[in-house]
Structure formats: structure tokens, C-alpha cells
Amino acid sequence: MARVQIIAANWKMNKTIPEAVAFAREIVQGVDFTGVEVVLCPAFPALGPVAEAVSGSPVRVAAQDVFWEDQGAYTGEVSPVMLRDAGCRYVIIGHSERRQYFGETDETVNRKVKAVLRHGLIPIVCVGERLAEREAGETFAVVERQVTAAFAGVEEAVAAGTVIAYEPVWAIGTGKNAAPEDAQAVNRFIRELVGRLYSPATAAQIRIQYGGSVTPENAASLLGQPDIDGALVGGASLKVSLFAAIINAASKALL
Ligand code: 13P
């Protein structure tokens, strides 16, 4: 069965509640969703309002992070229970900005992945090498370590439905996207790794996005690669026209 492309807008720390809601409404009304799953990832305060704005439409909502406990004395944190309550279906986990600025590690990523799955949410697990690691020829080793750690103790039955986002750190926000064939090679490696960790059937089912300077101009060539099942879009997801053009490229890549 063909994998449905998943195009997600990671707004990072951008957009007020009214801006986020207005964007969501425009996407719901203006986009052809045939064969594409569209996900909006607002900051925490806008999650509930955006979920309400897209309710009844095929658009899904994701949080950008989560904590692994259900509740308790963890000032400033947000639990999977709260994210479900707010209307989320997905949760981005292990984004490189969390790893770089907020002390996220392979171990905390794993705890978060297991926590959201316990509550019926779907993790979008971010992995990717830094520039120095790429230059040292360590790309595959880094990605293997990150994916293996993220899925430690995750059962096959739920792993198949999760999403992995390959985001080379040097491509994020730099305007320098990975060459489509290089991204394809890493995504293929990740799929083969999932096959080794679980089974070929799970490898065939799991969706693996690419992220890092995706634009309307380069989307079709990236999304046309056999092992790239969607995009996690930062900068170009902040404007409706650009994000809609990337969604269109995803539906065309299916033809
Ligand atoms: P840019 O699209 O701005 O490079 O960001 C990618 C990203 O980090 C998505 O999570």
C-alpha cells in the first residue's frame, strides 16, 4: 500500500493565536488534500484554537514538544494527556533545536516517544547529523544511533504508524537543502534500519519525511524520491502561499 505523504508546518516560536487560526482557516479552505496529509504544528498556546479551526477537515495538529509524565510538579512542562485534550494527533519529538538549545538527548527522546504512544498520539521523531558529523563521514552512524535510541522498547505494532523526520542540521534555516539524492540515500538507510529493528513490513509502512530548507521550488524533486514520504517545513511554512505550494507539489509528486 502506498504511503500517504505527510506535509507538516513546523511554525517553531512564531505566530500569535489569531495569526495561527487565520492561517489554519485559509489552508482548510484553499488547499486540495487529495492524497496528502497536512499537519500544522503551532506553539502550545495556539494548539487548542488551531485544532478547533481545522475540526471537521482533514488537517491535523501537532505539538512541537512534550514532557513524558502525565501530570505532576513539573513547572513549565506539558503532558501528552494535555496535548490530546487540546486536539493534537501528532507530536514533534527530538527536533534539533531542542537537542541543541534545551538539552534533549537520545534518552529523553525515547521517553517522550513512549509517553505519547501510550496516549494514542503519534510521534514525529526528528533525527539528523550536524555539519561536522557529515564532514567526518558520520551521517549514517549518527542517524542510526538516534533512530535506534528513539525506538528502544517501542513495540512493532505501534512503530509502523509513527513518523520519522530526517532533518540534517546544516540544512535547517540555511537555505541549503540536501540534494534530493542525498536525502533519499539517508531516508532509504533509515527505512532499512527500521526493517532490521522490526520487519520489512513495518519498514514499508513507516513514513519518513525530509526537513531542511524545503521550498516550493525544491519540494517536488525531494518529494519525488521513493523513500521521502513528506516534508517537515520551517521557514516556508509561515506563509500560506508558500506552504500551499509545497502541499501542491506533494500531490503532484504522487502522479
Ligand atoms: P527550515 O524549513 O526553516 O529549514 O526548517 C526546517 C525545520 O527545522 C522543520 O522542523
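Source: prediction; values computed, not measured. Order of appearance sets the numbers: ligands from 1, and atoms from 1 within every ligand.
Environment of CD in E156: crowded, with over 12 heavy atoms of neighbouring residues, nucleotides or ligands closer than 6.0 Å. No more than 12 heavy atoms of other residues, nucleotides or ligands lie within 6.0 Å of CZ in R188, so this atom counts as exposed by the packing criterion. Counted within 6.0 Å of CD on E192, heavy atoms from surrounding residues, nucleotides or ligands total more than 12; the atom is thus considered enclosed.
For S213, a nitrogen or oxygen atom sits less than 3.5 Å from a nitrogen or oxygen atom of ligand 1, counting backbone and side chain alike. For ligand 1, the polar-atom distance check finds no N/O of L232 at less than 3.5 Å from any of the ligand's N/O atoms.
Ligand 1 lies within reach of A171, whose nearest heavy atom is under 4.0 Å from it. For the ligand labelled ligand 1, residue G212 lies inside the 4.0 Å heavy-atom shell.
Distance from atom 2 (O) of ligand 1 to its nearest protein heavy atom, with residue and atom name: G234 N, 2.9 Å. Nearest protein heavy-atom neighbour of atom 5 (O) of ligand 1: K12 NZ, 3.2 Å.
P123 is listed as a side-chain neighbour of V116, based on a closest heavy-atom distance under 4.5 Å.
In the vicinity of N10, heavy-atom distances shorter than 4.0 Å reach the ligand 1 atoms 9 (C), 10 (O).
Considering each of E167, K176, Q209, the one bringing a non-hydrogen atom nearest atom 7 (C) of ligand 1 is E167.
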